[in-house]
Structure formats: structure tokens, C-alpha cells
Amino acid sequence: MALPVETFFLHPEAQGTLQQQIQQMIAQGILSGRFQQGEKLPSTRKLASHLGVSRITVTIAYTELLANDYLSSKGRSGYFVSENAPSPPSFTASPESQDAVDWTRAIGQKFSGGAGLAKPQDWAKFRYPFIYGQADQSLFDHANWRLCALQALGQKDFTALTTDYYDQDDPQLIEFIARHTLPRRGITARPEQILITLGAQNALWLTTQVLLTQRRNAVLEDPCYPALRDILSQSRCNVTPVRVDQDGLPPDAIPPETHVIFTTPSHQCPTNATMPMERRHALLDRAREMEALIVEDDYEFEMSFLKSPSPALKSLDTDGRVIYVGSFSKSLFPGLRLGYLVGSEPFIREARALRASVLRHAPGHIQRTAAYFLSLGHYDALIRRMGTALHERRRLMEDALAAHDLRISGRGYFGGSSFWMRAPDHVNTDDLARRLQSKGVLIEPGRAFFAGTHQPSNYYRLAYSSIPAARIREGVDLIAREIEATG
């Protein structure tokens, strides 16, 4: 029995080449039981005409499915679902049941409901996406990343690709971080003092789990990265938010009996303030006085395109009390989820053991691909290209904001990729963001960055890393008009 050609269609949002989409469509039809063993498929000519693709595309897809034993060929008779094709599950889905579990009592610790930032998954479809931390397709080096990924798939790297590192990491990536990345921040570290993480957020979680208990006290900046506040809340430690000023975290405001201080001295999140050298030394002195540890999140130092960045706080540390958090996810692309921790060996030993018990290690192929991309010079070329583009976008953004008299509360002395904005006191930026979204504009309301129940509602963040330069002025114009419309 021949399958009617009308049962075949390509999903409008499917990913991959046409050939891959056709393979996936037929394979899913077989695995779901819609196409039965022995059934004949439409001819390549007929299916190509129906789908509006070339006949050779369908022929190649059929050939791949033939090689994988999804299809069989019978001389001049055509293609059939193979007798050896995977069979669909023999069980039937059970009717929907009602939970008899009282989950309000069964859940021992609640992790949902935090203050994390919500970003639309379809942000790229918006004409004016002033949102932070997304990759710009026009700037990324697709070709060389692909070549490095293919190189990491080669026979020479079979061990790096397939091995279980257990609690270790790719030695090539560790060596590059130790010899090239960290020295640019003034940091010297041995391989035993470096741990690869699944991004900076995972690094912060590991650090919190190792250092803090319910009886210990932590200080974090206010405003701050909302996910860090959620991580600290989950640890059940005692948390004290300390309001930052134009120079970042003020050491004198840190209360006594603090055990761990979380800070972003090079590029405060979200105000973009850079901590002066005098205050950095004062912060180290304050931590030494209290025998406290400092966790330095250096999430955006690569985006210092206006001036050379200040040395990292870790580079000034002579006591081993600073734990350094770095990330490649911001400078390469957020989906990479690759970061690292640098600290004294006793701390890294515990963080390594915790990571091994939860997820072992970051995927070997990703680590080796990143190692090639970094060591072959592609990363530095990408950073230079991004710096040039962001510098131009920043200039356009500053001009547009000044033209509309929109107030910048923090702009970053060395560069960065966003502005911290303050709207008039009567403007609620949560409402503003909702109204702008209907006009194709995405902004980030600032309330989630603040601690406490009385968070300011008139701050917002405008990033320029994901919006084309040609659309910045028009997008800012829409924001200004919407703020003006609030009266």
C-alpha cells in the first residue's frame, strides 16, 4: 500500500537543511507508527513536486534513510518502510490521572518563583531588542567555530571527545586559561587552581554550596544579578544587601561577621560602575580584617573597548581570599554555557568534588572546540570585531538618549554592552516594558535587580549588543515617546 503524498509536509519552523528536514519528517513518521513497515513511499519525483524542493534533495534524504535501515529499496518498485525499521512503542498512553500527592508538603525546598529575568524566547523577531546577553548573529564567527568543532570531532581528538574526565577538565582548555586568559587580568594560577563550570551562574552556585551554610553570612550588592540572589536564598544563608554607589560596593558598609562578599568590581551588574583601585584595596583590607572571602564575578571584562580594563581584584590579592569567576558565555555566545573558577587549591578541590557528584564535567567536545577556537586566534579576532561594533552602537545610543533627554544612571567607564537607565519617578518600567513590547521594542525592567519589598520601579536596562546599529535611534525614539505618554 502506498502512502498518500498529502501525509508528508515540512514544518514551517523546522531547523536544518531541507534534506535533514525530510529525513526527520520520515523518521518521525516511522517512530510514531504513522508509517508502517512495508508501506511504499511516494516517488522522489512526486514528493519533490509536492514539497516544492528539488528531486535530488529528496533522493539524498531517501539514500540516508536507506543507509540507516529506515527504508528499503526494491528494484524499480521504489522505496518502502524497511522491515528492520525501529518499531513504535507497543504500550498505549495511560489516561490522565489525578495527583494524590500534596506537593505543598512533599516539596522540601522550593526553587521556583525567584526574581530571575524573563526574556522572550523569540526575542530575535522583535525589531528593537534592547536586551542583554544575547548573541548577535552578524558578529559571530560561524565558519571558524564550525571548523574548530569539526577538528574536535576528528580521530586525533577521539579521547577528548568520548572520555569520562570524571572530576577533571580538558588540559588544553585549562592551559589556555592559565597561560593566556588569566594573565590578561593580572592573575597567575596553576592548573590545580582552575575549574571549568557550566557558565558563570554554575560557578556561583558551586561557590555558594561550598562556602555558605545556614549559620554563615553573605553580602551581595544591591542592585545585583537577580540569579545570584536566588542562589543565595536557596542556600539558606543569612544575606545582607549593601547598596552600591557610583564606585560600586562601599567596603565600610559591609557589616561585621560577614563570611563571604559577592561583588562585580570591574563592571557592576547592572549599574556598570567600575570600582577604583583605592576602593579595591580598601575592600581587600576590610575582608582581611573580618577574615572574610570575596567572590569576584568578572563577567564582562572582554567588553572593555573604551579603555584597557583595570586589573582584576584577584590580581591584587596576596592572601588567597579572592575567588575569581570568569565566563566565555558572554563573549562567545550564551548557549555555550562555559565558565571557570579560579581559587586556592583547598577551595577548588571541594568545588571539583561537588561538580563531579552533580554533573561530572562540562562536555569534552565543547571544551576541546573552545580550546581550538581560543588557541588558534579566532577568539581574539572575534573580541576585536565585537568591540568595534559595540563602540559604534554605544555612540549611537548615547546620541539618541541625549537627543530625547533620557536619563542614564550608569554607562560603564571602560565599555560594556548596556546602559542602566532611570525613568521619571512616576514611571513603572514593568508597565512600560509591556506597552513597548506591543510596538516591537524589548527593554529590561529594573525592579528584579533590587533586594527587599520596596524595590524602585522606575529603573530599566538598555543593552545594545543584540540590536542592529541602524535601528537604535528609531527604537530609542519609541521608548522616549512611550515615557512621555505616561505624563
For this session: Check each of R360, R355, R368 against D169 using the salt bridge (charged side-chain N to carboxylate O under 4.0 Å, His left out) test, and report the only one that passes.
Result: R355
Exercise. Tell me, do P363 and L198 make a side-chain contact under 4.5 Å, heavy atoms counted?
Worked result: yes
Exercise. Do F450 and Y459 pass the ring-ring contact (aromatic ring centres under 6.0 Å, His included) test, and can you show the C-alpha distance, the side-chain angles, and the key distance before you say yes or no?
Worked result: CA-CA 10 Å; F450 291 94; Y459 286 88; 5.4 Å; yes
Seminar exercise, completed: Nearest heavy-atom approach of G446 to T429 is N-OG1, 3.8 Å
Problem set entry | Residues E398 and R395 bridged, charged N to O under 4.0 Å | no
Exercise. Hey, is the main chain of G248 close enough, under 3.5 Å, to the side chain of E221 for a donor-acceptor pair?
Worked result: no
Problem set entry | Side chain proximity check, L228 to D297, heavy atoms < 4.5 angstrom | no
Exercise. Are any of the side-chain nitrogens in D167 or R352 under 4.0 Å away from the carboxylate oxygens of its partner?
Worked result: no
Seminar exercise, completed: In this structure, CD1 of I174 is separated from CD of E192 (nearest 0.5 Å) by 10.0 Å
Problem set entry | Donor-acceptor pair, side chain of H259 and main chain of R216, under 3.5 angstrom | no
Exercise. Hey, does F373 have a side-chain heavy atom less than 4.5 Å from the side chain of D141?
Worked result: yes
Problem set entry | Nearest atoms (heavy-atom pairs only) where D222 meets R243 | O-CD, 2.9 Å
Problem set entry | Any donor-acceptor N or O pair under 3.5 Å, side chains Q23, Y70 | no
Exercise. Which atom pair, heavy atoms only, marks the closest approach of L313 to E296?
Worked result: N-OE2, 2.8 Å
Exercise. What distance separates F328 CZ from I196 CD1, expressed to the nearest 0.5 Å?
Worked result: 7.0 Å
Exercise. Is the shortest heavy-atom distance from the side chain of L10 to the side chain of L18 under 4.5 Å?
Worked result: yes
Exercise. Which residues pass the ring pair (Phe, Tyr, Trp, His ring centres under 6.0 Å) test with Y324, sequence neighbours left out?
Worked result: none
For this session: Taking all heavy atoms of S418 and all of Y464, pick out the closest pair and write down the distance.
Result: N-CE2, 3.5 Å
For this session: Work out which heavy atom in W123 is nearest to a heavy atom in S466; give both atom names and the distance.
Result: CZ3-CB, 3.6 Å
Exercise. When you look at L211 and F347, which way does the side chain to side chain contact (heavy atoms under 4.5 Å, CB included) test go after all the steps?
Worked result: CA-CA 9 Å; L211 299 182; F347 165 75; 3.9 Å; yes
Exercise. Under 4.5 Å between any side-chain heavy atoms of L462 and I479, yes or no?
Worked result: yes
Problem set entry | Heavy-atom side-chain proximity of M290 to I261 below 4.5 angstrom | yes
For this session: Go through the steps for I56 and Q19 under the test side chain to side chain contact (heavy atoms under 4.5 Å, CB included), then give the verdict.
Result: CA-CA 9 Å; I56 189 64; Q19 172 197 326; over 6 Å; no
Exercise. Would you call I467 and L442 a side-chain contact if the rule is heavy atoms closer than 4.5 Å?
Worked result: no
Problem set entry | Intermediate values then yes/no, side chain to side chain contact (heavy atoms under 4.5 Å, CB included), T318 and R288 | CA-CA 10 Å; T318 57; R288 186 181 301 113; 4.2 Å; yes
Exercise. Any side-chain heavy-atom pair from Y372 and Q172 closer than 4.5 angstrom?
Worked result: yes
For this session: Can you see which heavy atom on V219 is nearest to which on P255, and at what distance?
Result: CG2-CD, 3.7 Å
Exercise. Between D285 and E289, does a side chain to side chain contact (heavy atoms under 4.5 Å, CB included) hold up when you go through it step by step?
Worked result: CA-CA 6 Å; D285 291 341; E289 173 190 316; over 6 Å; no
Using distance only, find each side-chain donor-acceptor pair of residues 131-140 under 3.5 Å and give its atom names and separation, not counting sequence neighbours.
residue, atom, partner, partner atom, Å
Y132, OH, E300, OE2, 3.0
D136, OD1, S138, N, 2.9
D136, OD1, S138, OG, 2.6
D136, OD2, S138, OG, 3.4
D136, OD2, R393, NH1, 2.9
D136, OD2, R393, NH2, 2.6

